[in-house]
Amino acid sequence: MDPNPQTVLPRTKRKPDITTVLRKSWYHLRLSVRHPSRVPTWDAIVLTAASPEQAQLYDWQLRRAKRMGRIAPSTITLAVPDPEGQRIGSGAATLNAIHALTKHTELVVNGGDGAVGLMGKKHILLLHAGGDSKRVPWANPMGKVFLPLPFLAADNPDGPVPLLFDHILAIASCARQAFKNEGGIFTMTGDVLPCFDASTLILPPDSSTIITVPITLDIAANHGVIVALKSEIFDESYTVSLVDNLLQKPSVDELVKNQAILDDGRALLDTGIIAVRGNAWVELVKLACSCQPLISELLKSKKEANLVAAWVPTKHDWLQHRPLGEALVNKLGKQRMFSYCAYDFLFLHFGTSSEVLDHLSASDSALVGRRHLCSIPATTVSDIAASSVVLSCKIADGVSIGEDSLIYDSNISSGIQIGSQSIVVGMNVPKDSDNMAGNSIKFMLPDRHCLWEVPLVGCTERVIVFCGIHDNPKNPLKKDGTFCGKPWEKVMHDLGIEENNLWSSSCSQEKCLWNAKLFPILSYFEMLRVGMWLMGLSDGKNLHYLPLWRNSPRVSLEELHRSIDFSKMCTGSSNHQADLAAGIAKACINYGMLGRDLSQLCEEILQKETSGVEICKDFLALCPKLIEQNSKILPKSRAYQVQVDLLRACGEETKAYQLEHEVWASVADETASAVRYGFGEHLLESSGSKSTLAFRNNNHVSSMDKPFCPKTVKVELPVRVDFVGGWSDTPPWSLERAGCVLNMAVSLEGSLPIGTIVETTNSNGVLIIDDSGKELHIKELTSIAPPFDGDDPFRLVKSALLVTGIIHENILVSNGLRIRTWANVPRGSGLGTSSILAAAVVKGLLQIIDGDDGNENVARLVLVLEQLMGTGGGWQDQIGGLYPGIKYTRSYPGIPLRLQVFPLVASPQLISKLQERLLVVFTGQVSNQVFHTCLHLRILIVILLRPCRFD
């Protein structure tokens with residue numbers, strides 16, 4: 001604790017950039033999933049559910065998330081229903097979930113310390129996702145936490161539609177590091193996306209921490225408020241302080257009385273995000289392992305428990321008289337709770353349908369993907385507003401969709417009109433039937449309405465459900481209750497419906513939309529027509545539709561919630577997604593340039609119940625004609641990669657592996673062609689052919705045809721540090737799209753660590769000597785030809801001889817070369833060593849033959865060299881070593897590939913600080929393709945203790 005009491009919380013709230021926060025979080029999530037041993041991830045992810053049936057749906061969603069790479073394979077996933085389907089509050093639900101996880105992981109719960117000790121070391125993410133979603137009724141079948149949220153969808157155009165759950169996982173992944181080596185639990189709610197940089201989170205050891213954010217007093221009056229002790233500041237940043245009290249929907253007078261108002265006139269909002277760490281977590285596990293009798297008492301009393309109050313001493317007297325209060329205080333009361341104030345916190349709540357639409361329409365247009373994995377007709381045969389959000393849908397001709405509407409996971413046939421600011425989910429409207437023929441409009445959904453389908457257990461037809469966007473199903477009949485935006489009294493008057501048609505006279509519950517037996521179970525098109533009538537769109541037809549509605553079996557939203565056939569819903573959704581992916585893949589193969597990610601599309605196709613593999617085999621049969629297409633129009637590497645993806649989808653891994661060599665051989669050829677027109681063909685020709693002789697660079701020949709004259713060239717280069725942009729420089733990406741990288745040249749211990757000496761000899765052949773003392777004398781240079789053995793220690797120099805033209809242009813007619821190389825950097829250190837060494841050798845060889853040794857030409861030639869070696873590198877490593885200092889480099893596809901280097905002048909103060917603080921050390925972990933960028937950061941910042949200097 002700071003001995004000097006603080007009287008103010010001086011920070012002010014900074015409005016976060018949602019795009020930046022989410023993109024950083026997603027980057028961290030992907031790293032933690034791929035490499036949990038390097039970037040720690042959660043040991044378990046647990047969701048609470050309202051019922052065993054909903055828990056089954058959540059388990060399916062968790063398996064889906066793991067398959068899509070949102071959750072690490074090593075992470076345990078579990079959905080835990082509230083006991084007996086009763087709501088017991090988030091506190092008791094937390095204890096129940098911990099207990100269920102302990103049993104699930106086969107840890108013996110016997111009152112001893114064995115299970116507690118093991119669980120106490122684990123790191124758990126818990127999401128409270130139960131409940132009935134009354135204010136977002138269309139999300140009831142899927143669960144509100146799994147509603148579609150296409151933020152950053154364009155970053156992965158062929159991946160599945162991002163869900164709220166996926167973004168929560170991304171944010172939470174950054175919080176894992178705050179626990180360090182202490183076990184703990186991080187609890188969140190499933191209807192909120194907390195947009196903040198969780199990597200900055202500070203969690204005091206052996207305690208609980210609640211995340212707060214400053215809000216105005218009018219908002220505080222409707223939410224929970226945390227009172228933090230201003231004299232008990234834990235951290236110098238003033239973001240962490242001890243919690244003194246908890247207030248629920250306080251008035252201004254209460255806020256003043258409890259000293260809850262900050263110096264800037266705001267109060268601290270309880271976000272519902274709680275972290276428990278160290279000994280506090282161990283005590284919580286102990287309580288959870290013995291909590292079942294307590295929860296049984298709670299179920300009998302039909303009350304809810306308050307877990308947070310147990311960590312706040314001023315609430316203990318109040319809590320003692322609450323359910324489980326005495327046990328909570330006795331077990332947890334000795335631990336402290338802190339408030340972590342996230343000043344850059346943005347609270348995206350998804351509590352109502354209108355809030356969902358607001359977040360999609362009010363957000364930055366670059367953030368929201370408005371079209372994703374969908375089949376949409378031409379603008380001449382449909383009317384789909386540009387501002388509407390259409391996700392995972394197949395839309396037929398003759399469909400109209402209004403502005404700012406959300407259409408998700410649906411198959412909409414012709415003749416459907418959907419109004420503005422409406423939501424349509426899970427609809428599968430079939431094509432015209434005989435009884436609907438002749439009607440140009442089959443169904444109309446008015447503005448500001450919701451429409452969805454629900455499969456019920458034991459029911460063949462899927463029930464069609466609808467209501468107004470602003471309808472609150474909880475509002476009583478006599479108190480502002482509405483249906484489709486109109487008061488119930490007017491609805492019943494206009495339709496001729498009696499109150500007892502909707503609610504039983506023996507109903508003990510308050511009458512509202514939630515329990516109104518409103519939705520008929522009829523044939524599909526009858527439900528559509530009756531639906532239009534119930535929404536008030538069929539004036540004067542009460543005599544026809546009223547008897548049909550009265551005599552049909554009907555269900556309420558409440559009954560729907562209890563009777564959803566989750567298995568049928570999951571199967572139907574998987575098949576729908578697979579059909580969409582198959583349609584996109586087929587169009588890509590038949591008509592496109594193969595620019596889609598077939599591997600991701602095949603992942604979805606394979607989820608189709610029976611025919612997924614057969615669909616992929618049909619696509620595989622189309623591949624031969626792709627290979628035959630003009631390579632100047634369709635790159636061969638793309639055609640081969642499509643075939644590799646399809647072979648893998650069909651389970652033919654051996655053939656896919658063999659064909660991958662063709663992919664990279666094509667990339668090498670395409671890279672060589674991008675360096676200079678005809679260069680690719682020139683590399684592969686035998687020396688002395690007519691075309692080779694015609695291609696010969698006369699300057700090269702003249703310099704080496706003269707009588708022997710000793711000549712020595714020494715080239716030394718620094719290593720490079722990659723800050724951002726890596727992989728955008730790498731073929732085939734950089735051959736088809738612009739790339740950009742920010743990096744910096746660095747010398748180690750005051751010297752340039754990479755270099756070569758090239759000198760002429762009066763004997764034929766080439767002698768290569770590396771820094772380990774290995775030597776190779778090549779007498780017949782025509783023997784140098786790709787592909788090279790991956791274990792060949794001299795393949796770099798051999799490739800350099802090829803790309804500089806020394807071999808194919810017969811430059812070494814009467815002379816020879818001696819080439820010595822060194823790299824005083826550990827191999828695989830992630831500092832661009834091999835590419836920079838290649839640049840040094842290429843530059844030295846070009847200087848020996850009086851060739852173009854300009855940095856841009858050398859960088860392009862090394863790009864080709866990397867492909868010949870089979871390492872598949874790009875241009876940024878050699879650029880980093882060839883050009884001094886800090887620079888921003890862009891590449892532009894074309895023939896030749898254009899590179900533009902922009903030197904960045906750092907201030908003397910920045911250079912001084914970096915030279916004082918920048919440490920480079922080899923961790924012993926060699927770089928690899930997936931973990932390339934993150935490893936650079938570890939080398940730079942985390943561990944090494946060797947001084948370095950900027951060049």
Evaluation steps, side-chain contact (heavy atoms from CB on, under 4.5 Å), between C195 and L193: CA-CA 6 Å; C195 287; L193 178 61; 3.9 Å; yes
side-chain contact (heavy atoms from CB on, under 4.5 Å) between L502 and M492, worked out: CA-CA 10 Å; L502 296 169; M492 291 186 287; 4.1 Å; yes
Trace of the salt bridge (Lys or Arg N to Asp or Glu O under 4.0 Å) decision for E355 with R135: CA-CA 10 Å; E355 282 184 331; R135 298 297 305 277; over 6 Å; no
Return a table of donor-acceptor pairs under 3.5 angstrom between the side chains of residues 255-262 and protein atoms on other chains or two or more places apart.
{"unit_1": "N258", "atom_1": "OD1", "unit_2": "N245", "atom_2": "ND2", "d": "3.3"}
{"unit_1": "N258", "atom_1": "ND2", "unit_2": "E254", "atom_2": "O", "d": "2.8"}

Side-chain heavy-atom pair L125, L169 within 4.5 angstrom cut-off: yes
T352/H470 under side chain to side chain donor-acceptor pair (under 3.5 Å): CA gap, chis, key distance, verdict: CA-CA 8 Å; T352 65; H470 300 292; over 6 Å; no
H28 side chain to I171 backbone, donor-acceptor under 3.5 Å: no
Whether W42 and F186 hold their rings parallel, tilted or perpendicular, with breakpoints at 30° and 60°: parallel
Pairing of E283 and K334 as salt bridge, 4.0 angstrom limit: no
Pairwise distance CG(L518) to CZ(F483) - rounded to 0.5 angstrom: 4.5 Å
Side-chain heavy atoms of N140 within contact of L557, under 4.5 Å: no
Partners meeting side-chain contact (heavy atoms from CB on, under 4.5 Å) with D565 (sequence neighbours left out): P455, V457, S567, K568
Stepwise side-chain contact (heavy atoms from CB on, under 4.5 Å) test for D59 and L62: CA-CA 5 Å; D59 278 328; L62 288 166; 4.2 Å; yes
Within 6.0 angstrom of K331 NZ, more than 12 heavy atoms from elsewhere: no
Nearest-0.5 Å distance, CE of residue M142 to CH2 of residue W60: 10.5 Å
Aromatic ring pairing W514/H561, orientation class (parallel under 30°, perpendicular over 60°, tilted between): tilted
Check: I564 and E53 side chains under 4.5 Å, non-hydrogen atoms: no
